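Structure first, commentary second.
Since this is a predicted model, take the numbers as computed values, not measurements.
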Amino acid sequence: MKILLFLLLGCLCWTMYADFSSEDIKQAAELRGKKAYDAAEKILSQYASPAYFHELNPAEKITFVQGVLELAHIYALQNRVDQALLLLSWAESLEDDYLKALCCLKYAEILVGLDEFERAQSYLTELDKIIAKRSNRNQTSGTYFGQGSEYEEEEEGAWGDFRISSQVLKAAVESKAMTDKYGDYYGDYVKLRRFQQIAGRSRDPKYRVEALKLADELLAKQPAGKKAKSHTPTKENVFIAAAGYLKGELLFENLNPASSAAEINAVKQYLTKFVDSNPEGIYRGETLLLLGRLTLELEQNASNAEKYYSRAYQYFTAARKKKDALDLFLPLKNDLKAQVSPDKKLNSLSRWKRIVYHEEDPLKLYNTANAPSWYLDTRERDCIYILGFLTFLRGDYKTAQSYWEKILSLSPDIAALDQRLPNVQTRLLKACRLHAMAFWPEEKEKIRDQQERLRLQYAEFLILQEKHNEARAIFEELTKSDNEFTVAASYMGIAQITDLMGATHDSKLVALKYSQKVLGMKKVFKTPLYAKALRFSAGMTLGGKRDYREALKLYQKYNEMFPDGRERRRALYYTAYCHLKLKQHSKAQAIYEELKSENDVYSYNLKRKLSASEQTKGK
């Protein structure tokens, strides 16, 4: 009855032609933050009654519901509970998933603000269910978030925003729970880790700013004149040391190749000071790894980067032998020790024997003092990966091989695989034998800028480690180069990653578009890079479009233009394969006569296919 009366009264004062503005709602939220409740309420007066809601178009409905919820938030903070509940009850009665999600999120936000953390958690759980339902629906229907809804245009990308907003509130709820159970140092640490993850997932810089603020607040709790040293541990300085390192990570993650030298140097100075002030510090090795990455990826100074990685490798190797490092956690109570000890590995293998990289659990402390042996294995492996790469880069393939041969000893999961599978060590050792990774040396000979060559080689190296997203980011940045050959190589890098990550007909078609861009570059015509794009395009046409005639033309073009090409035998094999698919048996047989001079996989497989084709013809 209350809601009905509410709607009837609203009819007298609410106009169908009200101008609903998201800017007004944003302004009201800012005033709410400043506790200017009366001013905020005045701006939102038109949202006091939902009469004629059904007359609005989808976009207006979303804005109106947001206004109603914001007004309810203001009422709640003024302790006008009945008015707040009236609005919230109406919003909760809406059936659309998107509007329900808005309501759950605002309910949780209000309750967190009122320190009602358990009740807030129940609404966040309900929000998770709505998001999961939308996600499952889109996976089965092949649509994106927001499709199939009355609010389709407004919803595009919004479900991701719901996740971020939900994670922000969960950070507050989780931090409060950890504070109540283990103390404020740990509660602050958990909130910091959560915001660090949120900052990495969201494009909004405010979350990184908030994370840095949380790090500084935790660092400020360190007593004046004391340092967080691992040989004089206390319950508090374990988390303070972690905050110092995590601040360095946040500063580093905010940099990119376009950052100024001053910005890069400021972060480098912070990290250097952190290492120098903690000669026995528990995050010394991790910070040296960050310094190595900064020097390699941003300063593009390979020789200096090698020095940092060598120091980090020495640190982690020594830490493995340093049993007394475990004394660091003696001051912690047993229940907190169990809580912060890592129990999940940082990477694993998928069912397809691919490497899966995991985020660190925000509830855990990852460092050399308390983590299990797999953590040290992971960090040592990070060092030898890069040290091998840096020696490979300067042409010392034998030393690179000696580094990479240690991978299996630090990777029990990979070591347990069938060694015929092309695992990461296999790929790296093959690169040492071939003196090449994703590109042959001649394919990059026109790229003379040393920094571009370094970044290109590093992206190739990341592909071999199956860090495809990181590699793609480098290639995409390099497509902005003034050198057409750098751009062409980058397109081919993206094409290869797209094919590796997708492994479907559609992904092959996307990869094909990138290689075709290279075929359209005049300067690249007839060069080894053009040959690569030509053969790759033929393969994607064959695998993605199943167009045997078009693929045949591309393979034949490769054979004619590059009679001495590295991939000639492979191209000839697939030329014959296309002929067989097109019932041109004699042409395939002629190619076999050329291939049979060498006993390899191409001659062997083509002979089998020709034999199978003969038997089919006989029937």
Original post:
Are the charged groups of Lys26 and Glu70 less than 4.0 angstrom apart, N to O?
Top reply: no
**OP:** Return each pair, listed once, that meets ring pair (Phe, Tyr, Trp, His ring centres under 6.0 Å) where at least one residue sits in residues 22-45; pairs must be two or more places apart or across chains.
**Re:** none
Subject >> Salt bridge Glu174-Arg193, side-chain N to carboxylate O under 4.0 Å >> reply: no
Subject >> Ring centres under 6.0 angstrom apart (Tyr185, Phe239) >> reply: no
Original post:
Do you know the tightest heavy-atom contact between Ser348 and His358?
Top reply: OG-NE2, 2.8 Å
Original post:
Is Lys221 salt-bridged to Asp188, cutoff N-O under 4.0 Å?
Top reply: yes
Original post:
Per the side chain to side chain contact (heavy atoms under 4.5 Å, CB included) rule, which among Thr378, Val340, Asp361 passes with Tyr366?
Top reply: Asp361
Subject >> Aromatic ring proximity Tyr98/Phe162, centre distance under 6.0 Å >> reply: yes
**OP:** Please name the pair of heavy atoms, one in Ala459 and one in Phe475, separated by the smallest distance, quoted to 0.1 Å.
**Re:** CB-CZ, 3.6 Å
Original post:
Is a side-chain N or O of Arg32 found less than 3.5 angstrom from the main chain of Ile74, in a donor-acceptor match?
Top reply: no
Original post:
Pairs in or reaching into residues 114-124: which pass salt bridge (charged side-chain N to carboxylate O under 4.0 Å, His left out), with residues at least two apart or in two chains?
Top reply: none
Subject >> Basic-acidic side-chain contact under 4.0 Å: Asp38, Lys42 >> reply: no
**OP:** Could you list the residues that satisfy salt bridge (Lys or Arg N to Asp or Glu O under 4.0 Å) with Asp216, not counting sequence neighbours?
**Re:** Lys247
Subject >> Test: Lys206 and Glu210 ion pair at under 4.0 Å >> reply: no
**OP:** State whether the side chain of Glu460 and the backbone N or O of Ala438 hold a donor-acceptor pair below 3.5 Å, judged by distance alone.
**Re:** yes
